[in-house]
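Just the heavy atoms: all of them, side chains too, but no hydrogens, waters or symmetry mates, feed the values below.
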Amino acid sequence: GFVNFQGVRTRYFDSYFSRAATAGVRQVVLLAAGLDSRAYRLDWPDSTVVYELDQPCVLDFKRAALAGVRPIAARREVAVDLRDDWPRALLDHGFDPTSPSAWIAEGLLIYLPATAQVQLFAGIDALSAPGSHVAVEESVPMDADAFAAKQEEERAGADSAHGGPFFELIYNEQHEPAAQWFGARGWRADATPLTQYLRAHGRPVPSPESDAGTMTATISLVSAIKG
């Protein structure tokens, strides 16, 4: 279930970046970039700059792991904790808020409480010129009792489909659906339920009784364009 999920999620965001590049966007921002390799594997137009924001230790590991591999786009590391003043750090690394940009928050929002989610959205909106793009993966909170039961199972040592703790690491919170939040601020937004996207690409939807099914049913992939 999670292999199919990762595959279609990657396809969704790769297609999103292709559309943004075709529209003329040359600034790309990966929030909590982790080991995202898009700066290296996507066919970016000349003059594209990819800003990768993450913790210093994550960027250090990535740099060492990809030593000797040449990125296709110009790649700029922005070593910053997203709980700190990441907009200032991004500006300090050359980001131009007067030019369109394309943003991604993939596999990130579930690790943020609702208040931090809206702060992240506000930072994106404030730095985005008209014609900018944003894409996020988001989850509707699970039933509180079901979520607590999943956490208790993990604490008791039950095996997880994720291969380790998961429910203990995430927040079961959502400030507001991304399409609504951005839509109210001048963005044209579209949300696609993950189950719908799986079916559209010929991938099975996991059983509702499985961990993968429980999570898949809550996830949507959202993209929006400003102005």
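Note: the hydrophobic cluster containing Phe5 also contains Phe13 (ILVMFWY, side chain heavy atoms under 4.5 Å, direct or indirect links). A single hydrophobic cluster is seen to contain both Tyr51 and Leu31, as judged by linkage of ILVMFWY side chains at heavy-atom distances under 4.5 Å, directly or through other members. Hydrophobic clustering (side-chain heavy atoms under 4.5 Å, transitive across Ile, Leu, Val, Met, Phe, Trp, Tyr) groups Trp187 together with Leu109.
Rounded to the nearest 0.5 Å, atoms NZ (Lys62) and SG (Cys57) are 13.0 Å apart. Rounded to the nearest 0.5 Å, atoms CD (Glu138) and CG (Leu221) are 9.0 Å apart. Distance OG/Ser223 to CZ/Arg19: 5.0 Å, rounded to 0.5 Å. Between the CZ atom of Arg203 and the CG atom of Leu198 there is a distance of 9.0 Å, given to the nearest 0.5 Å. Summarising the geometry, atom CG belonging to Leu120 is positioned 11.5 Å from atom OG1 belonging to Thr115; distances are rounded to the nearest 0.5 Å.
The local environment of CG in Asp43 is sparse, with at most 12 non-hydrogen atoms from other residues, nucleotides or ligands closer than 6.0 Å. For Arg41, the CZ atom is densely surrounded, since the number of other residues' heavy atoms within 6.0 Å is greater than 12. Around the OH atom of Tyr171, the shell of radius 6.0 Å holds no more than 12 heavy atoms that belong to other residues, nucleotides or ligands. Counting heavy-atom neighbours within 6.0 Å of Arg9 CZ, excluding the residue itself, gives a total above 12.
Between the side chain of Arg185 and the main chain of Trp181, a donor-acceptor pair closer than 3.5 Å is present. Tyr16 places a side-chain N or O within donor-acceptor distance of the main-chain N or O of His133, the cut-off being under 3.5 Å.
Considering all non-hydrogen atoms of both residues, His93 and Arg76 come closest at O-NH1, 3.0 Å. Annotation for Val28 and Trp44: closest pair CG2-CZ3, 3.7 Å, computed over non-hydrogen atoms. Between Pro97 and Leu91, the shortest heavy-atom contact is CD-CD2, 3.7 Å.
In summary, the side chains of Gln27 and Asp96 do not present any donor paired with an acceptor at a separation below 3.5 Å, with no hydrogens or angles considered. Ser128 and Trp103 share a side-chain donor-acceptor pair at under 3.5 Å.
Residues Asp125 and Lys226 are in side-chain contact: their nearest non-hydrogen atoms beyond the backbone lie under 4.5 Å apart.
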For Gln196 and Val205: C-alpha separation, side-chain torsions, deciding distance, then whether side-chain contact (heavy atoms from CB on, under 4.5 Å) applies. CA-CA 9 Å; Gln196 177 183 320; Val205 175; over 6 Å; no
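Remark: Arg88 fails to qualify as a cation-pi partner of Trp86 under the 6.0 Å distance and 45° angle criteria applied to the six-membered ring.
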